[in-house]
*Asks:* 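Just passing along the structure, written as structure tokens.
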Amino acid sequence: MKTLKYLFLSVLFISANTFAQEQEQPERKPGHTNNNKFKQLYDEFSTPNMFRTASGAPGPAYYQQQADYKMDIVIDDDNAKLSGYETITYTNNSPDPLNYLWVQLDQNMRAKDSETPLIEGGGVAQAQQAGRFASSYMTDGFDGGFKIEAVKDINGKDLPHLINNTMMRVELPKALLKGEKVSFSIKWWYNINDYVNMGGRSGYEFFPKDGNRNYIIAQFFPRMAVYNDVEGWQNSQFWGRDEFALPFGNYEVNITVPSDHILDATGRLVNRKEVFSKDMMKRYEEAKKSYDKPVLIVTQAEAEEAEKSRATGTKTWKFQAENVRDFGFATSRKYIWDMMAVKIGDKDVMAVSMYPKEGNPLWEEWSTYAVASTLKSYSRMTFDYPYHKAISVHAKNQGMEYPMICFNYGRPDENGNYSDRTKYGMISVIIHEVGHNYFPMIVNSDERQWTWMDEGLNTFVQYVAEQDFGEWYPAALSPGHDKYPSSRGPAANIVPYMGGDQDFIAPIMTKGLNTYQFGNNAYGKPGTALNILRETVMGRELFDYAFKEYSNRWMFKHPTPEDFFRTMEDASAFDLDWFWRGWFYTTDYVDMGVKEVKKYYVSSEPNEYAKMMAKRYGMELSDLPPLVYMVEEGSEEFKEEMKNGTLLENSTPLKEYVMDNFSEEERKTMKEPKYFYNVTFEKPGGLVMPIIVEYTYADGTSKTEKYPAQIWRLNDKEVSKAVASDKEIVKITVDPNLETADVDTSNNSWPKEVKQSDFDKFKDEVKD
């Protein structure tokens, strides 16, 4: 009989385990496709190779091309015209022979025959700027785009070339083999656009009161496209939204402008003594030693004096830059100019701001501090900033980035007053655009294909940097703000988007040009996803190490999404395929909650489950071995005295086992929970996430438990957890601090919270 009891005991537990598995396993049907949320990403990933390894690192055969530029640029301020002559030296480091080269002509999106306006739908705009209206309906349009005057080889012979919208194919006299270089020249000019009224990422703003322009110049020269192991030539057309994939190289650039202009650009100014006055040189030397306060190189009084007249002569500013992927500059006679040194690693970097008087007092108060703070935060999260300066240029309605220089909005009214929104907007855009030096100016992803790899990663680090800024510069915080009010990053801020109309949401892994709600898709959602990954899923230590590893592996190289995903797992030992699949490859949303809570007590008497199993196997209850039974409160077997009894008092078998197997000293340290709960969590949403639960007890204390996302691996709809406690639980809250972007919190609490409707709130307000 004893043997029979033990046999029954084994059967009982095996049956119980089988029953649980049957409850948790999703239904399988013939021909069923594996849609498990924890399926590995092998179907989506390319096979690792000698160029890119399975770990996410560059492989032993990894290569990248190099494009070096020598340019002479002239700004005709009277006619708002830019002319240029460049010599490109292109090095083929690929194993492939190249019969032709592709050059980007991004200014051509503004050409009269541009197809860019033709791809946009929407019909008649109900409201638009006067300049755009006039250009669209009342004139022949702006005569923009590159005017290519010559494409020649190093000997001055014309090279055959074909222009296809924003791309130009240059035919080579013979195939360019691995390790070989070719040099050729391009001569061009174009009319600079009024970006304020006509749109664009660069151009000029005209100030009618003093008749001056502020030039922020980029995409101003024909630029080499990227050729790599993933796509070959990355020659996707530029339609105006997607940005740029560019190879690294060295630059020598001479820029000729009116002699009363102030100018700064990508690269090191190599003729500073020729273009600086003695006072400017003295102030510059002072700024190199100032680490706590910006030093004015050009004062507001000097800028205001300069804008009153127009010089007839010119001045050439000469710059050299090494290992950069692009070049930009800004020039105007209206600029105030300040600088401050910031210590990054073992070297000094100059934080620089250029702005007209229209930007003050806001810009002189916070721009350069924002630059310095950004360099410190991003360097901590990635690698030490490798360049010698970072420039923030004031530009109305702009937010655009290039190596070492960026253009940023944020302008007070004419009386110098500004709102919190204007202040925080300016600081945030400076942090974001200076941060782009890291992504994608150094970690050089393909912005035209994978917009989120620069905007999303940068938005994530921007959030970290904004919080640092608020901590390091509390004087910038307005009354009522104890920390920086970031608009992107916190999980709760992405809820309206993720819970929105699925017909107008696209996966993050979508080409930027083709996405709905571009800002949310490319910036907000990936930035929030990485913040959740850091704070809630992985923890800061694991995440920060892996993120820094990715940044260092791919600095000055061309990573793909797979390289990022693989590196984050490789450096952390954290399986994240479920996370990448859900957040990046689908438009699923998070919705988790408490479905049901049952309270149990320990008993020595057989419960309904034991009776069912005994009957199934043809046994009497008296034949059962001594077992510990769980009895649900309110069930037929439940007895009121169980609430008052101790664990050992309520279960004789348990008491006997403890007395027989533990010493008196061991028994003193044993826990004796009184309450047992079966908590069933539901997941109406499609996204898999950890379950963060706050248990609140009758004595007012609480405890937070985090169940890993893998708890959903066998059942995507609901899971149950047994919770033992020596104190009575009176409240259970899922995601108490809104860490997971849960789109519906109405099911997050037990007992269920009855929330007052907006109509009821209105009625109460009327009564009051």
*Asks:* What pair of heavy atoms forms the shortest contact from G470 to L477, and how long is it?
*Replies:* O-CD1, 3.7 Å
*Asks:* Mind checking ring pair (Phe, Tyr, Trp, His ring centres under 6.0 Å) for F460 and listing every partner two or more places apart, or none if nothing turns up?
*Replies:* F543, F547
*Asks:* Could you check whether the rings of F248 and F556 sit parallel, tilted or perpendicular, using 30° and 60° as the cut-offs?
*Replies:* perpendicular
*Asks:* Is it true that Y69 and F221 have ring centroids separated by less than 6.0 Å?
*Replies:* yes
*Asks:* Scan residues 344-358 for pairs that pass salt bridge (Lys or Arg N to Asp or Glu O under 4.0 Å), counting only residues two or more places apart or in two chains.
*Replies:* D210-K357, E307-K357, K334-E358, K343-D348
*Asks:* Look up atom CZ in R448 and atom NZ in K511, then write down how far apart they are to the nearest 0.5 Å.
*Replies:* 7.0 Å
*Asks:* Calculate, to the nearest 0.5 Å, the distance between atoms CZ and CE belonging to F329 and M404 respectively.
*Replies:* 15.5 Å
*Asks:* Applying ring pair (Phe, Tyr, Trp, His ring centres under 6.0 Å) between F564 and each of Y550, F439, W450, W554, report the one that passes.
*Replies:* Y550
*Asks:* Assign the ring pair F146 / Y190 to parallel, tilted or perpendicular, where the plane angle (0 to 90°) is split at 30° and 60°.
*Replies:* perpendicular
*Asks:* Under 6.0 Å from the six-membered ring centre of F244 and within 45° of its axis: does the NZ or CZ of R223 meet both?
*Replies:* yes
*Asks:* Please determine whether salt bridge (charged side-chain N to carboxylate O under 4.0 Å, His left out) holds for the pair R333 and E302, giving the CA-CA distance in whole Å, both sets of side-chain angles, and the decisive distance to 0.1 Å.
*Replies:* CA-CA 10 Å; R333 60 178 56 86; E302 291 167 339; over 6 Å; no
*Asks:* Counting only heavy atoms not in E414, do more than 12 sit closer than 6.0 Å to its CD atom?
*Replies:* no
*Asks:* For Y195 versus S202, what's the shortest heavy-atom pair and its separation?
*Replies:* CB-O, 3.4 Å
*Asks:* Which atoms form the tightest heavy-atom contact between Y369 and E365, and what is the distance?
*Replies:* CD1-O, 3.1 Å
*Asks:* Just to verify, what does Y402 make a ring pair (Phe, Tyr, Trp, His ring centres under 6.0 Å) with, not counting sequence neighbours?
*Replies:* F407
*Asks:* Which pairs pass side-chain hydrogen bond (donor to acceptor under 3.5 Å, both in side chains) with one or both residues in residues 425-435, sequence neighbours excluded?
*Replies:* S428-E466, S428-Y484, H432-H436, H432-E455, H432-N458, H432-Q462
*Asks:* Under the salt bridge (Lys or Arg N to Asp or Glu O under 4.0 Å) rule, what pairs show up with a residue in residues 382-405, not counting sequence neighbours?
*Replies:* D264-K389
*Asks:* Go through the structure and list residues passing ring pair (Phe, Tyr, Trp, His ring centres under 6.0 Å) with Y418, not counting sequence neighbours.
*Replies:* none
*Asks:* Restricting to ring pair (Phe, Tyr, Trp, His ring centres under 6.0 Å), what partner residues turn up for Y335, sequence neighbours left out?
*Replies:* none
*Asks:* Do the numbers put K525 on top of the ring of W452, so that NZ or CZ is under 6.0 Å from the six-membered ring centre and no more than 45° off the axis?
*Replies:* no
*Asks:* How close do Q320 and E252 get, heavy atom to heavy atom, and via which atoms?
*Replies:* CG-CG, 4.1 Å
*Asks:* Do you know which of F206, F207, Y355, Y204 makes side-chain contact (heavy atoms from CB on, under 4.5 Å) with N214?
*Replies:* F207
*Asks:* Is it true that atom CZ of R310 has more than 12 heavy atoms of other residues, nucleotides or ligands lying nearer than 6.0 Å?
*Replies:* yes
*Asks:* According to side chain to side chain donor-acceptor pair (under 3.5 Å), who are the partners of Y473, at least two apart in sequence or on a separate chain?
*Replies:* none
*Asks:* Among M340, R283, K282, exactly one meets side-chain contact (heavy atoms from CB on, under 4.5 Å) together with V295. Which residue is that?
*Replies:* R283
*Asks:* Does any pair with a residue in residues 467-489 pass salt bridge (Lys or Arg N to Asp or Glu O under 4.0 Å), and if so which ones, sequence neighbours excluded?
*Replies:* R380-D468
*Asks:* How close do I430 and S367 get, counting heavy atoms only, and between which atoms?
*Replies:* CD1-OG, 3.6 Å
*Asks:* Mind checking the NE2-CG spacing from H394 to N360? Nearest 0.5 Å is all I need.
*Replies:* 9.0 Å
*Asks:* Quick check: closest heavy atoms across T515 and R241, and the distance to 0.1 Å?
*Replies:* O-NH1, 3.2 Å
*Asks:* Suppose we screen for side chain to side chain donor-acceptor pair (under 3.5 Å). Which residues come up paired with T314, at least two apart in sequence or across chains?
*Replies:* none
*Asks:* Just to verify, what does R213 make a side chain to side chain donor-acceptor pair (under 3.5 Å) with, not counting sequence neighbours?
*Replies:* none
*Asks:* With rounding to the nearest 0.5 Å, note down the distance linking CE in M441 to CG in N444.
*Replies:* 8.0 Å
*Asks:* If you look only at pairs with a residue in residues 277-325, which of them pass as a ring-ring contact (aromatic ring centres under 6.0 Å, His included), with sequence neighbours excluded?
*Replies:* none
*Asks:* For the atom pair CE (M555) and CD1 (I442), what is the distance rounded to the nearest 0.5 Å?
*Replies:* 6.0 Å
